[in-house]
Structure formats: C-alpha cells, structure tokens
Amino acid sequence: MSAARVLGLVGWSGSGKTTLLLKLIPRLAARGARVATLKHAHHGFDVDLPGKDSYEHRKAGACEVIVSSARRWAQIHELGDAAEATLAQLLQRVSPCDLILVEGFKSEQHAKLEVFRQAVGKAALHPSDPRIIAIASDQPFPQARIPVLDLNDVAAIADLVEARAEPLEAVLTALAGR
C-alpha cells in the first residue's frame, strides 16, 4: 500500500457531492485503491440510534464510545464544549489507506474538486478558490482555467482523482500553513 493521498469534494448543498462519492468509491476500489472518506457535517448528528447501547452510553455522559464486532468497529467521540476538530486532526486519525476523499471543508487549504449543478442556483466556488483543481458539472465553464468534467463521467472523474490527489503529508503541511 502506498502513502495515503487526499482530495476534497466541495460544492453547495444539493450539488451532488455525496451522490458522486457513492459512484466514485466502488470505481476506485475496483481499481485496487483502499478508499476512506471524511465528511464534514454542519449540524449535530448521530451515528447510533436511541435504544442502542452505544447511544445510551454516550447520552449517559461517556466522552467516547467504541463499539466493536467481528465485522467492524466504530468510535464516537463526544466533544461537549470543546472546539470542533480540524481537518488536519481528523486526517491524522484515518486508518492506513490509499486515498482519503474529503466531503466538505470547502474553506480549507487542500486540493479540491468542485461539484457544481446549475439548478442549485448558487455561484460557482472555483473562481475564488485557487485550491479547486477541477470542476465536475452539468454545464460547461468555457472561461474556467481548470479542467471541467461531465458530472456523469465517473470514469474520467476517477482518473482525475487518482492523478491529482495530494500526498497526506503535503496536505497536513498546507493545513498547518507551512
């Protein structure tokens, strides 16, 4: 396994970031890549359900809950009043893999693919973000100075992801402002 590489997917809510990720992951995995994802949520969320032991442990005040079985394990860390984890901190917690696809964190300093749909009705992000290295869109951007890919051409997007993802260490350095 090679050192992990990182590429972000950014775009406005409803642009299709998750839909594209769900198509990219199996495509990249079929090419032999071990793919991890890291998703930013703008709100509180639960990964466990009321009535399940992990949920009840967390609600009772546990600051961290690990659930393990023969098939998978999950770690839930409760922040309480502490600051939200940074992208750099989260990237350092990802288990060894070949590729980390980051959904969200659009203001961070890592290489990003913009997912753009005209129907969302918001302005494109790439003109004001030099870290956006390409656009996956349902419309052409003839004025763009970066590659524009058809949002439905998953093979071409997977090629771009493999070619342009950055080494994890370089991303951590950029995030640290060095």
Chi angles and distances behind the side-chain contact (heavy atoms from CB on, under 4.5 Å) call for Val65, Asp53: CA-CA 10 Å; Val65 177; Asp53 290 348; over 6 Å; no
Modelled atom types, side-chain donor and acceptor of Glu103 and Thr18, under 3.5 Å: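 Short answer, yes.
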Donor-acceptor pair between Glu84 and His40 side chains, under 3.5 angstrom: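 Result is yes, a qualifying pair exists.
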Using 0.5 Å steps for rounding, measure from the [atom1] atom of [X] to the [atom2] atom of [Y].
X	Y	atom1	atom2	value
Leu22	Arg27	CG	CZ	14.0 Å
Ile157	Leu20	CD1	CG	4.5 Å
Ser54	Ile66	OG	CD1	12.0 Å
Leu21	Lys39	CG	NZ	8.5 Å
Asn152	Ser137	CG	OG	10.0 Å
Ser15	Glu114	OG	CD	8.0 Å

[X]-[Y] co-clustered via ILVMFWY side chain contacts under 4.5 Å:
X	Y	result
Ile133	Ile135	no
Leu168	Leu90	yes
Leu149	Leu125	no
Leu172	Leu38	yes
Val10	Val161	no

Option passing side chain to side chain contact (heavy atoms under 4.5 Å, CB included) with Leu101 (candidates Leu113, Val6, Leu28):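 Among Leu113, Val6, Leu28, the one that satisfies the side chain to side chain contact (heavy atoms under 4.5 Å, CB included) with Leu101 is Leu28.
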For Phe105, the option from Leu87, Leu9, Thr86 that meets side chain to side chain contact (heavy atoms under 4.5 Å, CB included):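 Running side chain to side chain contact (heavy atoms under 4.5 Å, CB included) over Leu87, Leu9, Thr86 with Phe105 returns exactly one hit, Leu87.
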Heavy-atom check, side chain of His77 versus side chain of Arg93, under 4.5 Å: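 Sidechains of Arg93 and His77: no contact.
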Is it true that a side-chain atom of [X] and a backbone atom of [Y] form a donor plus acceptor pair closer than 3.5 Å?
X	Y	value
Ser68	Trp73	no
Glu78	Glu64	no
Gln139	Gln118	no
Lys17	Gly104	no
Trp12	Ala123	yes
Arg5	Glu162	yes

Intermediate values then yes/no, side-chain contact (heavy atoms from CB on, under 4.5 Å), Leu24 and Val154: CA-CA 6 Å; Leu24 274 175; Val154 179; 4.1 Å; yes
More than 12 heavy atoms from other groups under 6.0 Å of CZ on Arg164: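 Not buried by this count: 12 neighbours or fewer within 6.0 Å.
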Which residues share a salt bridge (Lys or Arg N to Asp or Glu O under 4.0 Å) with Asp159, sequence neighbours left out: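 Partners of Asp159 by the salt bridge (Lys or Arg N to Asp or Glu O under 4.0 Å) criterion, ordered by chain and then number, come out as Arg31.
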Audit row: Val171, Val102, side-chain contact (heavy atoms from CB on, under 4.5 Å) steps and yes/no: CA-CA 12 Å; Val171 172; Val102 177; over 6 Å; no
Validation row, ring centre His126 to ring centre Phe141 under 6.0 Å: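 Yes, the ring of His126 comes within the 6.0 Å limit of the ring of Phe141, centre to centre.
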Shortest non-hydrogen contact from Leu7 toward Lys112: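 Looks like CD1-N, 4.0 Å.
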Taking every non-hydrogen atom, the tightest pair across Ala124 and Pro127: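 Heavy atoms only, the tightest pair is O-CD, 3.5 Å.
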